[in-house]
Amino acid sequence: MAVVDCELEKELKQFDETKAGVKGLVDAGVTKLPRMFRHPPESLPSPNQNNGVDSNLQVPVIDLKDVDICERRKEIINDLRKAAEEWGFFQIVNHGIPNAVMDKVLKGVRGFHELPQEAKEKWYSRDFKKKVNFFSNGELKVSTPADWRDTLSCKGLEDECNFEAIPEVCREEIREYMKYIVQVQEKLSKLFSEALGLDSDYLENLSCFKSRSLACHYYPVCPEPHLTLGGTRHSDLGFLTLLLQDSGGLQILHDNVWIDVPPVERALLTNLADMLQVIVVTNGKFKSVEHRVLMPATLEPRTSIACFVGTDDLQKPYGPIKELISEDNPAIYKEVLFGEYMNRYKL
């Protein structure tokens, strides 16, 4: 029979009841990492190795400039196909989002997380059906170390009325940012369809790039960053993730080696998620890659904004695209209801 760690269970409960998140610990002057955030050594980078990081290995950068010019579009599609098959991650530049819009949304999100506790605790909730909620870690369990991170989650942003629930300190910044994200999403939907040899509106007609939600993460300065993570090893759900980040810490697992993914100035980091890669649509042709967030020893917090692109139809079944199936490329996954798949998670 498993022994319940009552002290750790108590620590988790007390932390959650503060409704202050990790930022609350920092504001309280914590100088030692609480036990609930300590990750086992095998999950952390080894101090005696370079963690496989090779400066010659870099996530591809794809320039979308002149994407509507025929010959240039062919080049971009080839670059995207190669990045999707070999990496599952790529940076996009000249995506059309103004620099000022990106700067303001990062500043707005950071502004929310740095509000006094009493000004933001009303959004703190573990009811993940809410369109907007503030929390620290999707689950707090004795069996799983917590990540050094707080999150403002904003769901259903394909519906204009849902913006009104977003905290005022970052509402208009998020609204403006999402106007441009929609345009980026539409471009990528067409490019991915064409990269698969399909009509440009194929993925759009499947509604797999229809819904949009944000996870606005904040990683406070950590007193013992070598003992914890900002994000545990995982792959993303849904179909696509568009990430805006203001500093480093993200790593991806490429050919069983962890690779640093520092921000590229004015770029959006794009990665394929499970439903686009393995589970359904492309039958394993594209990669959904595991990644994690380290906690560098810095004097500044890190902010990132992940836009998860998926479908709002939870009862819609998805399976391997029939046009991609052949004797040489048989279907290896069955159809699955999107809602059933997503119910495994609470974010």
Side-chain angles (χ1 to χ4, degrees), residues 57-102 157-158 176-212 236 238-245 252 254 261 263-278 280-289 306-311 318-326 328-329:
L57 284 176
Q58 299 180 23
V59 169
V61 177
I62 298 179
D63 189 343
L64 296 185
K65 185 179 180 181
D66 297 328
V67 68
D68 293 324
I69 297 175
C70 184
E71 289 305 313
R72 177 69 186 128
R73 189 177 188 86
K74 290 179 182 178
E75 293 177 6
I76 292 171
I77 288 171
N78 285 334
D79 290 344
L80 186 149
R81 183 189 301 112
K82 184 177 180 180
E85 292 178 351
E86 297 179 3
W87 284 85
F89 270 77
F90 53 92
Q91 307 264 16
I92 55 174
V93 296
N94 288 316
H95 41 62
I97 306 179
N99 295 344
V101 172
M102 293 189 289
L157 297 182
E158 64 280 3
E176 186 69 11
Y177 178 66
M178 293 307 295
K179 289 179 183 177
Y180 289 96
I181 282 291
V182 171
Q183 297 172 16
V184 175
Q185 168 192 317
E186 290 172 348
K187 286 180 187 176
L188 290 176
S189 176
K190 291 181 172 63
L191 292 169
F192 273 116
S193 295
E194 293 174 43
L196 290 167
L198 304 168
D199 292 340
S200 62
D201 61 354
Y202 194 100
L203 292 178
E204 179 184 353
N205 292 336
L206 283 183
S207 299
C208 57
F209 281 13
K210 186 175 181 180
S211 71
R212 295 172 289 279
D236 288 347
F239 291 88
L240 197 69
T241 304
L242 301 170
L243 181 73
L244 180 62
Q245 53 177 342
I252 70 168
H254 177 70
V261 188
V264 170
E265 187 174 6
R266 308 308 180 187
L268 276 179
L269 181 63
T270 304
N271 66 280
L272 282 63
D274 290 350
M275 292 291 282
L276 186 60
Q277 178 243 333
V278 177
V280 288
V281 176
T282 57
N283 207 32
K285 187 177 179 65
F286 290 174
K287 289 186 177 182
S288 175
V289 173
C307 178
F308 301 116
V309 180
T311 179
Y318 284 92
I321 292 175
K322 294 179 175 57
E323 287 85 344
L324 302 179
I325 297 173
S326 65
D328 295 329
N329 184 41

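Model, not experiment: these values are computed from the prediction.
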> Relative to each other, are the rings of Phe209 and Phe239 parallel, tilted or perpendicular (30° and 60° limits)?
Replying inline: perpendicular
>> Applying side-chain contact (heavy atoms from CB on, under 4.5 Å), can you list everything that pairs with Glu176, at least two apart in sequence or on another chain?
In response: Val101, Lys179, Tyr180
> Would the number of heavy atoms belonging to other residues, nucleotides or ligands and lying under 6.0 Å from NZ of Lys210 be above 12?
Replying inline: no
>> Restricting to side-chain hydrogen bond (donor to acceptor under 3.5 Å, both in side chains), what partner residues turn up for Glu204, sequence neighbours left out?
In response: none
> Can you tell if the side chain of Leu80 reaches within under 4.5 Å of the side chain of Leu188, non-hydrogen atoms only?
Replying inline: yes
>> Minimum heavy-atom separation for Asp199 and Ser193, please, with both atom names.
In response: O-CB, 3.1 Å
> Taking side chain as C-beta onward, heavy atoms only, is Leu191 less than 4.5 Å from Leu64?
Replying inline: yes
>> Can you list everything that forms a salt bridge (Lys or Arg N to Asp or Glu O under 4.0 Å) with Lys65? Sequence neighbours excluded, please.
In response: none
>> Suppose we screen for salt bridge (Lys or Arg N to Asp or Glu O under 4.0 Å). Which residues come up paired with Glu265, at least two apart in sequence or across chains?
In response: none
> Got a sec, which pairs hit side chain to side chain donor-acceptor pair (under 3.5 Å) with one end in residues 75-87, sequence neighbours left out?
Replying inline: Arg72-Glu75, Asn78-Arg81, Glu85-Lys285
>> Just verifying a value: how many Å separate Asp236 CG and Asn271 CG, rounded to the nearest 0.5 Å?
In response: 5.0 Å
Using distance only, find each side-chain donor-acceptor pair of residues 93-100 under 3.5 Å and give its atom names and separation, not counting sequence neighbours.
{"residue": "Asn94", "atom": "ND2", "partner": "Asp63", "partner atom": "OD1", "Å": "2.7"}
{"residue": "Asn94", "atom": "ND2", "partner": "Asp63", "partner atom": "OD2", "Å": "3.3"}
{"residue": "His95", "atom": "ND1", "partner": "Ile97", "partner atom": "N", "Å": "3.1"}
{"residue": "His95", "atom": "NE2", "partner": "Arg266", "partner atom": "O", "Å": "2.7"}

>> Within the 4.5 Å heavy-atom criterion, are Glu158 and Gln185 side-chain neighbours or not?
In response: no
> Are side-chain heavy atoms of His254 and Val59 found at a separation under 4.5 Å?
Replying inline: no
